[in-house]
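Report on one structure; see the data block that follows.
Whatever order the structure lists them in is the order used to number ligands and atoms, beginning at 1. The residues of the chain are indexed from 1 along the displayed sequence.
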Amino acid sequence: MRRVLLTGANRGIGLEFARQLLDGGDRVIATCRHPGQAGALNALVAAHPNRLHVLPLDVASERSRNELVKELQLVTDGLDVLINNAGVLPSGEHFGSVDGKTLADTFATNTIGPFALAQAVAPMLSKGHSPRIANLSSVLGSITRNEAFRTPSYAISKSALNMATMLLARALAEHGVHVVALHPGWVRTEMGGKDAQVEPADAVRGLLAVIASLDARHSGQFIDYLGQPVPW
Ligand SMILES: NC(=O)c1ccc[n+]([C@@H]2O[C@H](COP(=O)([O-])OP(=O)(O)OC[C@H]3O[C@@H](n4cnc5c(N)ncnc54)[C@H](OP(=O)(O)O)[C@@H]3O)[C@@H](O)[C@H]2O)c1
């Protein structure tokens with residue numbers, strides 16, 4: 001039974017991760033900003049008693065991350081998987097009026113949060129079985145694939161998350177922790193919108209297969225939900 005720490009688990013891809021991990025028999029520490037309001041996630045507790053712990057975490061807040069790490073020690077003595085799923089995509093940005101605060105807030109959630117959380121739980125992962133970190137990135141953070149000036153705060157923050165992924169892979173190689181950036185496809189969630197092509201269930205099934213298949217050769221790579229490499 002893997003012990004999985006998951007962020008942004010109350011809706012979208014994160015909620016689907018929680019569902020499929022529990023169905024697969026894993027133990028899930030599912031975090032979200034407001035556990036009291038996470039109806040769909042809390043409903044899973046009844047179906048999977050003892051294997052789902054719901055804890056509060058705002059990934060953008062250092063204080064919240066520190067509190068989570070303290071609480072984690074009470075729930076488990078090691079971790080096998082960290083899924084940095086929480087993310088934000090500000091809409092309506094146009095060149096000439098991109099707001100520095102929007103950029104900074106997006107960076108705090110999409111880049112600093114995943115990097116700092118990985119750093120904070122690295123000692124617990126080092127004690128884990130076949131440990132790995134999956135950072136939910138996006139093809140919109142790919143410099144090679146970029147075609148237009150779109151969603152700058154999101155694109156910049158995911159591109160930086162890709163570098164964070166590479167650096168974490170380097171730092172944690174000696175501890176046997178594999179670290180990857182993953183693109184889930186264009187997924188039908190609040191972020192992806194109703195025109196998106198991929199159902200959350202299909203995206204997560206693919207991502208979990210990729211996470212399960214990782215070995216040292218994959219660490220520091222950018223991979224999509226079908227297992228294909230994505231250019232940086
Ligand atoms: N959907 C796509 O097409 C797509 C494509 C490429 C990559 N991705 C990536 O996949 C991940 C999940 O996306 P999604 O489609 O499921 O998005 P979503 O439906 O908008 O859900 C985003 C999740 O992140 C949480 N979150 C946002 N800011 C947070 C913070 N500061 N602390 C903790 N949780 C926070 C949200 O919680 P609240 O409910 O509290 O806001 C929510 O649970 C993201 O990293 C996204 O960038 C998605």
Within-4.5 Å side-chain heavy-atom neighbours: H183 and I223: no

Proximity winner for atom 17 (O) of ligand 1, if only heavy atoms of Q37, E190, M191 are counted: M191

Any T7 heavy atom less than 4.0 Å to ligand 1: no

Per-residue contact class, R33 against ligand 1 - non-hydrogen pairs under 4.0 Å: side chain

Polar atom proximity, G8 to ligand 1 (N or O, under 3.5 Å): yes

Whether F95 and F149 hold their rings parallel, tilted or perpendicular, with breakpoints at 30° and 60°: perpendicular

Heavy-atom nearest neighbour in the protein, as seen from atom 24 (O) of ligand 1, with distance rounded to 0.1 Å: G87 N, 3.3 Å

Cluster link V177 to I29, ILVMFWY, side chain under 4.5 Å: yes

Side chain to side chain, W186 and V139, heavy atoms closer than 4.5 Å: no

Nitrogen or oxygen of K158 less than 3.5 angstrom from that of ligand 1: yes

Taking atom 7 (C) of ligand 1 as the reference point, the nearest protein heavy atom with its distance: S137 O, 3.0 Å

Where ligand 1 meets G192 - atom numbers and elements under 4.0 angstrom, heavy-atom basis: 1 (N), 3 (O)

Short side-chain donor-acceptor distance under 3.5 Å, D58 and S64: no

Contacting atoms of ligand 1, where contact means under 4.0 angstrom from a heavy atom of V88: 27 (C), 28 (N)

Atoms in ligand 1 flagged as close to T109, the criterion being non-hydrogen separation under 4.0 Å: 28 (N), 29 (C), 31 (N)

Heteroatom proximity flag, Y154 to ligand 1, N/O under 3.5 Å: yes

Where P231 and T144 come nearest, the two heavy atoms and their spacing: CB-CB, 3.8 Å

Distance-minimising heavy-atom pair for L68 and P56: CD1-O, 4.0 Å

Nearest non-hydrogen protein atom, atom 5 (C) of ligand 1: G185 O, 3.2 Å

N/O separation below 3.5 Å, R11 to ligand 1: yes

Subset of ligand 1 atoms that lie under 4.0 Å from at least one heavy atom of P184: 4 (C), 5 (C), 6 (C), 7 (C), 8 (N), 48 (C)

Student check: side-chain heavy atoms of R27 and V75 closer than 4.5 Å: yes

Separation of T151 OG1 from L140 CG (nearest 0.5 Å): 5.0 Å

Closest approach of any protein heavy atom to atom 31 (N) of ligand 1, naming residue and atom: D58 OD1, 2.8 Å

4.0 Å heavy-atom contact, P200 with ligand 1: no

E16 and R19 ion-paired at < 4.0 Å: yes

Side chain, backbone, both or neither: the part of N85 lying under 4.0 Å from ligand 1 by heavy atom: both

Polar side chain donor-acceptor pair, S153 to E93, under 3.5 angstrom: yes

Numbered atoms of ligand 1 (with element) below 4.0 Å of S138, judged on heavy atoms: 6 (C), 7 (C)

N or O contact, V59 vs ligand 1, cut-off under 3.5 Å: yes

Closest approach of any protein heavy atom to atom 14 (P) of ligand 1, naming residue and atom: T189 OG1, 3.6 Å

For atom 34 (N) of ligand 1, closest protein heavy-atom neighbour: A86 CB, 3.4 Å

Part of L136 with heavy atoms under 4.0 Å of ligand 1, whether side chain, backbone, both or neither: both

Test item: side-chain donor near acceptor, T102 and D99, under 3.5 Å: yes

Closest heavy-atom pair and its distance - L15, A40: CD2-CB, 3.6 Å

contact_flag A196 ligand 1 heavy-atom lt 4.0 Å: no

Nitrogen or oxygen atoms of I13 and ligand 1 under 3.5 Å apart: yes

Under 3.5 Å side-chain donor-acceptor pair for T165 and N135: yes

Flag for S219-R217: side-chain donor and acceptor within less than 3.5 Å: no

Shortest protein heavy-atom distance from atom 37 (O) of ligand 1, along with the residue and atom involved: N10 OD1, 3.5 Å

Atoms of ligand 1 close to W186 [distance to a heavy atom under 4.0 angstrom, numbered from 1]: 3 (O)

Polar atom proximity, V187 to ligand 1 (N or O, under 3.5 Å): yes

Ligand-residue contact atoms, ligand 1 with G12, heavy atoms, under 4.0 Å: 16 (O), 19 (O)

Identified side chain to side chain donor-acceptor pair (under 3.5 Å) counterpart of D80 within the set R2, K127, R3: R3

Contact check, R188 vs ligand 1, heavy-atom distance below 4.0 Å: no

Heavy-atom closest pair, residues Y225 and V210: O-CG2, 4.2 Å

Atoms in ligand 1 with a heavy atom of L57 nearer than 4.0 Å: 32 (N), 33 (C)

side-chain hydrogen bond (donor to acceptor under 3.5 Å, both in side chains) between N85 and T7, intermediate numbers included: CA-CA 5 Å; N85 165 78; T7 68; 5.2 Å; no

Test item, S64 contacting ligand 1 (heavy atom, 4.0 angstrom): no

